[in-house]
Enquirer: 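Below you'll find the structure I mean.
In what follows, every heavy atom counts, from backbone to side chain, and hydrogens, waters and symmetry copies are set aside.
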Amino acid sequence: MLRFAQFHASFRQASCDSIVLSKGRARELVMKKIIVVGAGKIGSTIAEMLASTGDYRVTLVDRSAAQLGAAELPETVKTLELDIEASGTLEAALAGKFAVLSAAPFHLTTRIAEAAASAGVHYLDLTEDVVSTRRVKQLARSANSAFIPQCGLAPGFISIVANDLASRFDTLESVRMRVGALPQYPSNALNYNLTWSTDGVINEYCEPCEAIVEGELIEVPPLEEREEFSLDGVTYEAFNTSGGLGTLAETLKGKVRTLNYRTIRYPGHAAIMKALLNDLGLRHRRDVLKDIFESALPATLQDVVIVFVTVSGRKNGRLLQETYANKIYAKRVGDMVRSAIQITTASAICAVLDMLADGTLPAKGFIKQEDIALDAFLANRFGHAYAQHEMVSRLAG
C-alpha cells in the first residue's frame with residue numbers, strides 16, 4: 001500500500017512537472033523572435049524594453065564585440081557579433097525570426113531592409129535618410145512582410161501627431177512640425193550635448209529638406225529659415241533639417257498650402273553649425289566633424305525632448321488653429337536612467353512593433369507613420385511613454 005501511495009505521488013508530481021514544462025514550451029512558441037541591429041544607446045534600450053515584457057525573445061546584433069559588451073542588458077537578451085555587410089550573414093541570422101529592427105547608422109539601412117525582404121521577415125527602422133526610405137518603399141512592393149520605416153521620434157511620432165491634428169479640419173492651410181532633443185543644462189557655445197547618433201545629426205544638417213510651399217512640394221536647404229519661439233518661458237530657435245517630414249509630404253501634397261519640419265535648438269546653435277559646415281567645409285569631411293563632435297561634446301542623460309506641432313485650417317467655415325505641445329524628460333526605466341531621446345525613440349519603434357504583432361497594423365506592404373492612429377499609439381504600453389507627459393492645447397471646433 002505504501003509503495004502504491006509513493007508511486008501515485010511520484011506520478012502526480014511528474015504530471016505536474018510535465019504541465020509546467022508544456023506551459024513553458026507554449027510560452028516559448030508564442031514569444032516573437034526579434035533581431036535588433038545596432039548596440040548603441042538606442043538599440044540597447046530597444047532590446048531592454050522588448051525583453052522586459054516577456055513577449056519577445058530578443059537578439060542584439062552588432063559588428064563590435066566591445067559595443068555589445070558595453071550594452072547593459074537583461075540576461076534574457078542574447079547578443080551576436082556579426083558583420084552584417086558580409087554577404088548572407090544577416091539573412092542567416094534572420095531565418096525564423098518575426099521581425100528585424102534597425103537601430104544602425106543610416107548608411108546600413110538599405111542593407112538591413114534587403115536582408116529582411118530576402119528572409120521574409122517584418123522590417124522596422126529609425127532612419128531619417130530620405131534616399132534609404134525610398135529604397136525601403138521599393139522593396140515593400142514585392143515583399144510578403146510589412147516594411148515600416150521611420151519609426152522613431154522625428155520622423156515617426158511627429159507624423160502620427162501631425163496627421164491626427166490635420167484630420168480634424170475640413171481643409172488645411174498649414175502644418176508646422178518642430179522637434180528637438182536638447183540638454184537640460186547647456187554649457188558650451190553650441191548649447192548642445194550628444195544625445196543621439198552623431199552620424200544622424202550630421203546627415204540631417206547636410207542633406208536637402210522637403211517642404212510644401214504655396215501648395216508645391218519642393219526642396220529647401222538645411223539650417224535655413226531660422227525662426228525663434230518661446231515655450232514655457234524658454235526661447236528656442238528652429239531651422240530646416242532633412243528627413244523629419246518622413247512620408248507626410250507625399251501624403252499631404254495637394255491638400256495643404258504650407259508644410260515644413262524644423263529642428264529645435266537653443267539660440268546660437270545654427271549660426272555655429274553653418275560656420276563649421278559651410279565656411280570651414282566640414283560638410284564635405286563628415287568623418288572629421290564626427291570625430292570633433294565625439295571628442296569635444298560630452299554625452300548627457302539629462303535631456304529634454306520637445307514636440308511642438310501647429311496645424312491651421314478651416315472647420316465649419318471658420319479658420320482655426322490646433323497645437324500639440326509635449327515635453328518628455330529623462331527618467332529611470334527599470335534599473336537604469338535613460339535619456340529622453342532614448343525613451344522616446346525606443347518607445348516609438350517598440351509601440352509600432354507591438355501593433356504589428358497584435359494585428360493592429362497590416363502584416364504586409366509599406367506602412368507610413370501617418371497610417372498609425374494617434375489614440376492607438378498612445379494607448380499602447382510603449383506609446384504610453386508619450387501620453388504620461390502629454391500637454392495638449394486644442395481649440396474646440
Side-chain angles (χ1 to χ4, degrees), residues 30-32 34 36 41-56 58 73-74 76-77 98-99 101 103 122 124-126 146 148 150-165 167-168 177 179-181 184 195-196 232 246 301-309 322-361 367-394:
V30 170
M31 293 173 72
K32 306 287 187 185
I34 306 297
V36 178
K41 294 185 286 289
I42 303 300
S44 59
T45 304
I46 293 169
E48 180 188 23
M49 284 184 172
L50 291 177
S52 68
T53 66
D55 296 328
Y56 297 99
V58 182
L73 301 166
T76 52
V77 175
F98 177 74
L101 280 60
H122 300 303
L124 299 85
D125 72 37
L126 300 168
I148 318 177
Q150 306 174 327
C151 296
L153 170 62
F157 178 72
I158 187 74
S159 294
I160 298 173
V161 170
N163 195 58
D164 180 79
L165 291 182
S167 69
R168 300 168 185 269
M177 303 152 66
V179 173
Q184 291 186 53
T195 60
W196 185 54
D232 296 336
L301 292 176
Q302 296 173 298
D303 65 336
V304 56
V305 163
I306 302 169
V307 182
F308 192 58
V309 182
E322 294 196 15
T323 297
Y324 176 102
N326 195 353
K327 286 185 176 181
I328 302 99
Y329 292 89
K331 67 174 185 178
R332 183 172 295 278
V333 178
D335 295 330
M336 294 185 63
V337 174
R338 296 290 187 181
S339 69
I341 191 62
Q342 286 177 298
I343 292 167
T344 51
T345 304
S347 294
I349 196 170
C350 289
V352 176
L353 176 67
D354 243 9
M355 288 187 278
L356 178 64
D358 68 17
T360 302
L361 296 178
I367 300 172
K368 302 175 183 178
Q369 291 301 306
E370 55 267 28
D371 293 333
I372 300 169
L374 177 61
D375 288 344
F377 182 96
L378 294 176
N380 180 270
R381 56 184 170 178
F382 295 111
H384 196 59
Y386 287 87
Q388 287 176 326
H389 304 277
E390 189 179 4
M391 302 180 297
V392 183
S393 174
R394 290 175 178 163

Enquirer: Who are the side chain to side chain contact (heavy atoms under 4.5 Å, CB included) partners of D375, not counting sequence neighbours?
Expert: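 Partners of D375 by the side chain to side chain contact (heavy atoms under 4.5 Å, CB included) criterion come out as none, since no residue qualifies.
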
Enquirer: In sequence, state the C-alpha distance, the side-chain angles, and the governing distance for L101 and L50, and then conclude on side chain to side chain contact (heavy atoms under 4.5 Å, CB included).
Expert: CA-CA 11 Å; L101 280 60; L50 291 177; 4.1 Å; yes

Enquirer: Could you point out which residue of I341, I158, L126 forms a side-chain contact (heavy atoms from CB on, under 4.5 Å) with L153?
Expert: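 Among I341, I158, L126, the one that satisfies the side-chain contact (heavy atoms from CB on, under 4.5 Å) with L153 is I341.
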
Enquirer: Check for a donor-acceptor pair, side chain of D55 on one end and backbone N or O of M31 on the other, with a separation under 3.5 Å.
Expert: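 No, the answer is negative, given that no donor and acceptor are paired below the 3.5 Å cut-off.
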
Enquirer: Report yes if the side chains of H122 and L353 come closer than 4.5 Å at any heavy-atom pair, otherwise no.
Expert: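 They are not in contact (no side-chain heavy atoms under 4.5 Å apart), so the answer is no.
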
Enquirer: Would you say that K368 contacts S159 through its side chain, given a criterion of any heavy-atom pair below 4.5 Å between the two side chains?
Expert: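 No; the side chains remain at least 4.5 Å from each other.
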
Enquirer: Test side chain to side chain contact (heavy atoms under 4.5 Å, CB included) on T76 and V58 and set out the steps.
Expert: CA-CA 8 Å; T76 52; V58 182; over 6 Å; no

Enquirer: If you take all heavy atoms of A340 and Y329, which pair is closest and at what distance?
Expert: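 Here A340 and Y329 meet closest at CB-C, 3.7 Å.
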
Enquirer: Just wondering, do V307 and M177 contact through their side chains at under 4.5 Å, heavy atoms?
Expert: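 In short, these two side chains do not touch, never coming nearer than 4.5 Å.
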
Enquirer: Could you state the interatomic distance from OG1 (T345) to CD1 (I46), rounded to the nearest 0.5 Å?
Expert: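 Atom-to-atom, T345:OG1 and I46:CD1 are 8.0 Å apart.
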
Enquirer: Minimum heavy-atom separation for S347 to M49, with atom names?
Expert: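 What the structure gives for the nearest pair is OG-CE, 3.5 Å.
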
Enquirer: Go through the structure and list residues passing side-chain hydrogen bond (donor to acceptor under 3.5 Å, both in side chains) with D303, not counting sequence neighbours.
Expert: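 Result, side-chain hydrogen bond (donor to acceptor under 3.5 Å, both in side chains) vs D303: none returned.
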
Enquirer: Using every non-hydrogen atom in the two residues, find where G383 and A351 come nearest and quote the distance to one decimal.
Expert: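 It is N-CB, 3.7 Å.
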
Enquirer: Going through the checks in order, is the side chain to side chain contact (heavy atoms under 4.5 Å, CB included) test met by R168 and D164?
Expert: CA-CA 7 Å; R168 300 168 185 269; D164 180 79; 3.0 Å; yes

Enquirer: Which heavy-atom pair separates V305 from A181 by the least distance, and what is that distance?
Expert: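 Shortest heavy-atom separation between V305 and A181 comes out as CG2-CB, 4.1 Å.
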
Enquirer: Could you tell me which residues satisfy side-chain hydrogen bond (donor to acceptor under 3.5 Å, both in side chains) with T45, sequence neighbours excluded, listed by chain and number?
Expert: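 Applying side-chain hydrogen bond (donor to acceptor under 3.5 Å, both in side chains) to T45 gives R338, Q342.
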
Enquirer: Where do G43 and A103 come nearest, in terms of heavy atoms and distance?
Expert: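 Scanning both residues, the minimum pair turns out to be CA-CB, 3.7 Å.
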
Enquirer: I need the I343 CD1 to F382 CZ distance, nearest 0.5 Å.
Expert: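 Rounded to the nearest 0.5 Å, the CD1-CZ separation comes to 13.0 Å.
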
Enquirer: Nearest 0.5 Å please: distance from the CD1 atom of I160 over to the CD atom of E370.
Expert: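 One finds 9.0 Å between CD1 of I160 and CD of E370.
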
Enquirer: How far apart are the C-alpha atoms of R381 and C350, what are their side-chain angles, what is the distance that settles it, and do they pass the side chain to side chain contact (heavy atoms under 4.5 Å, CB included) test?
Expert: CA-CA 9 Å; R381 56 184 170 178; C350 289; over 6 Å; no

Enquirer: Could you check if a side-chain atom of L124 sits within less than 4.5 angstrom of a side-chain atom of L356, using non-hydrogen atoms only?
Expert: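 The answer is yes; the side chains approach within 4.5 Å.
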
Enquirer: What distance separates I372 CD1 from C151 SG, expressed to the nearest 0.5 Å?
Expert: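 Spacing of CD1 (I372) from SG (C151) equals 6.5 Å.
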
Enquirer: Tell me whether the rings of F157 and Y324 are parallel (<30°), tilted (30 to 60°) or perpendicular (>60°).
Expert: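 Aromatic pair F157/Y324 classed perpendicular.
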
Enquirer: Quick check: closest heavy atoms across I367 and A146, and the distance to 0.1 Å?
Expert: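 That would be CD1-CB, 4.1 Å.
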
Enquirer: Do Y386 side-chain atoms and T344 backbone N/O form a donor-acceptor pair below 3.5 Å?
Expert: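 Such a contact is found between Y386 side chain and T344 backbone.
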
